[in-house]
Amino acid sequence: QVQLVESGGGLVQAGGSLRLSCAASGSIFSINAMGWYRQAPGKQRELVAISSGGSTNYGDSVKGRFSISRDNAKNTVYLQMNSLKPADTAVYYCKSALISAGTDGLLQFDYWGQGTQVTVSS
């Protein structure tokens with residue numbers, strides 16, 4: 001089994017910063033990509049940032065303010081969020097495209113974390 005555990009969400013004032021972490025654990029053979037998505041009430045889930053094969057991509061609304069990084073030795077991805085705005089308020093989900101190793105052999109699958117709430121007050 002594979003688990004993604006997020007941490008670091010909370011309440012912050014506009015202009016402030018937060019750092020999210022997501023650690024993958026379990027029967028992991030390799031990780032292809034790790035990233036962050038968010039979903040605000042009444043809106044669709046959207047890409048925030050993703051790290052894959054040494055490259056990174058960001059959603060347009062967070063470019064220049066958010067930064068994604070990975071610690072491959074720890075199977076962990078981070079999201080540094082600066083200059084936060086009330087519009088950034090959402091549940092942030094970690095996602096990983098990885099290959100797990102189990103009794104059925106090697107399986108490629110996308111895993112999601114449970115989500116962490118980020119609230120930015122004005």
Side-chain angles (χ1 to χ4, degrees):
Q1 295 296 329
V2 174
Q3 279 190 319
L4 301 182
V5 179
E6 300 131 334
S7 61
L11 173 64
V12 65
Q13 288 188 332
S17 298
L18 281 175
R19 189 190 193 211
L20 305 182
S21 300
C22 171
S25 63
S27 302
I28 299 170
F29 179 78
S30 67
I31 296 178
N32 297 328
M34 296 190 81
W36 295 92
Y37 290 72
R38 69 185 182 187
Q39 188 166 19
K43 295 187 177 182
Q44 290 187 331
R45 192 171 296 190
E46 64 175 356
L47 171 70
V48 176
I50 189 166
S51 172
S52 176
S55 66
T56 58
N57 286 290
Y58 295 90
D60 289 340
S61 62
V62 307
K63 286 180 181 177
R65 299 188 298 122
F66 291 10
S67 177
I68 189 171
S69 61
R70 284 171 61 176
D71 184 335
N72 292 326
K74 296 181 179 179
N75 290 336
T76 299
V77 64
Y78 305 96
L79 184 68
Q80 179 66 42
M81 304 185 294
N82 299 326
S83 302
L84 282 161
K85 306 174 182 179
D88 295 317
T89 296
V91 178
Y92 284 70
Y93 296 92
C94 175
K95 178 183 177 181
S96 180
L98 60 85
I99 299 175
S100 63
T103 55
D104 293 328
L106 299 180
L107 297 175
Q108 183 169 336
F109 199 73
D110 290 346
Y111 291 86
W112 290 89
Q114 79 285 358
T116 184
Q117 177 70 46
V118 171
T119 303
V120 184
S121 63
S122 57

Shortest non-hydrogen separation from [X] to [Y] and the atoms involved:
X	Y	answer
Leu4	Cys22	CB-SG, 3.9 Å
Gly35	Ile68	CA-CD1, 4.0 Å
Leu79	Val48	CD2-CG1, 3.9 Å
Ala97	Asp110	CB-OD1, 3.3 Å

Using side-chain heavy atoms (C-beta onward) and a distance below 4.5 Å, is [X] in contact with [Y]?
X	Y	value
Leu107	Ile99	no
Met81	Leu20	yes
Ser100	Tyr111	yes
Thr56	Ile50	no

Query raised in the report: Should the pair Lys85-Asp88 be classified as a salt bridge under the 4.0 Å nitrogen-to-oxygen rule?
Result: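 Not counted as a salt bridge, because no side-chain N and carboxylate O are separated by less than 4.0 Å.
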Query raised in the report: Same cluster or not: are Val91 and Val12 linked, directly or through other Ile, Leu, Val, Met, Phe, Trp or Tyr residues, by side-chain heavy atoms under 4.5 angstrom apart?
Result: no
State the [atom1]-[atom2] distance between [X] and [Y], to the nearest 0.5 angstrom.
X	Y	atom1	atom2	result
Ser96	Asn32	OG	CG	8.0 Å
Ile31	Ser52	CD1	OG	11.5 Å
Tyr37	Tyr93	OH	OH	14.0 Å
Gln108	Ser30	CD	OG	8.0 Å
Leu47	Trp36	CG	CH2	12.5 Å
Ile28	Gln3	CD1	CD	10.0 Å

Report task. Sequence neighbours left out, what passes side chain to side chain donor-acceptor pair (under 3.5 Å) with Ser61? Give chain and number order. Result -> Arg38
Report task. Please test Val118 against Thr89 for side chain to side chain contact (heavy atoms under 4.5 Å, CB included), starting from the C-alpha separation and ending with a verdict. Result -> CA-CA 5 Å; Val118 171; Thr89 296; 6.0 Å; no
Requested in this report: Would you check if there is a donor-acceptor pair between the side chains of Asp71 and Thr76 at a distance under 3.5 Å?
Outcome: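 Side-chain D/A pair, Thr76 to Asp71: absent.
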Query raised in the report: Would you call the rings of Phe66 and Tyr92 parallel, tilted or perpendicular, where under 30° means parallel and over 60° means perpendicular?
Result: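 Judged by the thresholds at 30° and 60°, the geometry between Phe66 and Tyr92 is tilted.
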**Report entry** CA sep, side-chain torsions, deciding dist, call: Met34, Ser51, side chain to side chain contact (heavy atoms under 4.5 Å, CB included)
**Finding:** CA-CA 5 Å; Met34 296 190 81; Ser51 172; 5.5 Å; no
Report task. For the pair Glu6 (side chain) and Cys94 (backbone), establish whether a donor and an acceptor sit closer than 3.5 Å, ignoring hydrogens and angles. Result ->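 It does hold such a pair.
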Query raised in the report: So, is the end of the Arg70 side chain (NZ or CZ) under 6.0 Å from the ring centre of Tyr78 and within 45° of the ring's axis?
Result: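 No.
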Report task. Go through Ser17 and Gln80 one step at a time and tell me if the side chain to side chain contact (heavy atoms under 4.5 Å, CB included) criterion holds. Result -> CA-CA 7 Å; Ser17 298; Gln80 179 66 42; 3.9 Å; yes
